[in-house]
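The structure under discussion appears below in the form of structure tokens.
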Amino acid sequence: MERFLDTFFNPAMVQAHAPAIIDGMWVTLYIGVAVILAGVAVGLALACLRTYAIRPLNFTIICFADIFRALPPLVLILLLYFGLPSAGIRLSGPMVLFIVLAVTLAAFAEEVFWAGFASVEKGQWEAGIATGLGFTGTLIHVAMPQAVRLATPPLVNRVLAITKMTALGSVIGVSEILSAATSAESFSGSATPLTLAAIAYLVIFLPFVFVTRWLESRQTWKGR
């Protein structure tokens, strides 16, 4: 037991490397929040545009969603970070991580919101248009509130899964939690920094898990 504690919870290692892990937590939080805001906003906007049933536009949106849901984010990260400089375009590691994760989340969010819009009964669309709201007014005031409410539980799950992918930034030198922990582990030879990283991820993402459970339970209760 003493050996286990010395390996994974060494007090000297905690004191030495906790500041770097905390700095990595802030980087993870900044990128994660930016990804959530951008990805959800773009996904909702694309789903709204799709309701107008403009064939070329819908085809483009569907292709976008299918492609970026199919491609592994790590492949996109490596492609942008190492491939774009050959074309004369240089992006920082955090920017590449943000773009890839935001686009990936937008692709999933678009499909989730679209499912929400598709679940709104046709009669409600027709009633909204008949009252003089017009299609856009009905979309905003009638369909969108229902679609967002229905989409929230599955979307929160997807947001949680994608924001955890900030750990992929370690492969391109982004100083997030995992990068700070692996750097500290390689210099110290101790597993304690990795334990600190695991705790840091729990501190950030465990509240999201609780929120997800609460939303799912509310949705289940309302559906009865």
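The model shown is predicted, which means the values in this text are computed figures rather than measured ones.
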A143 to V120 - nearest heavy-atom pair and separation: O-CG2, 3.9 Å
Single hit among V100, N157, L101 for side-chain contact (heavy atoms from CB on, under 4.5 Å) with I162: L101
Greater than 12 external heavy atoms within 6.0 Å of F205's CZ: yes
Derivation and outcome, side-chain contact (heavy atoms from CB on, under 4.5 Å), residues L91 and Y81: CA-CA 7 Å; L91 298 175; Y81 190 74; over 6 Å; no
Check: T166 side chain, T163 main-chain N or O, donor-acceptor pair, under 3.5 Å: yes
Stepwise side-chain contact (heavy atoms from CB on, under 4.5 Å) check, L46 with R50: CA-CA 6 Å; L46 291 176; R50 193 170 166 186; over 6 Å; no
Non-hydrogen side-chain atoms of N58 and Y52 separated by less than 4.5 Å: no
Backbone N/O of S179 and side chain of E176: donor-acceptor pair under 3.5 Å: yes
CA sep, side-chain torsions, deciding dist, call: C48, F117, side-chain contact (heavy atoms from CB on, under 4.5 Å): CA-CA 8 Å; C48 289; F117 282 120; 3.7 Å; yes
From CA spacing to verdict: side-chain contact (heavy atoms from CB on, under 4.5 Å), F9, V14: CA-CA 7 Å; F9 297 97; V14 171; 5.7 Å; no
Linked hydrophobic residues, V142 as query - side chain contacts closer than 4.5 Å: L133
Closest non-hydrogen atom pair between G134 and T138, with its separation: O-OG1, 2.7 Å
S183 side chain vs A180 backbone, donor-acceptor pair below 3.5 Å: no
Heavy atoms of other groups near F208 CZ, more than 12 under 6.0 Å: no
For residues 27-44, please give each side-chain donor-acceptor pair under 3.5 Å, one per line with the distance, not counting sequence neighbours.
unit_1 : atom_1 : unit_2 : atom_2 : d
T28    : OG1    : G24    : O      : 3.0
T28    : OG1    : I177   : N      : 3.4

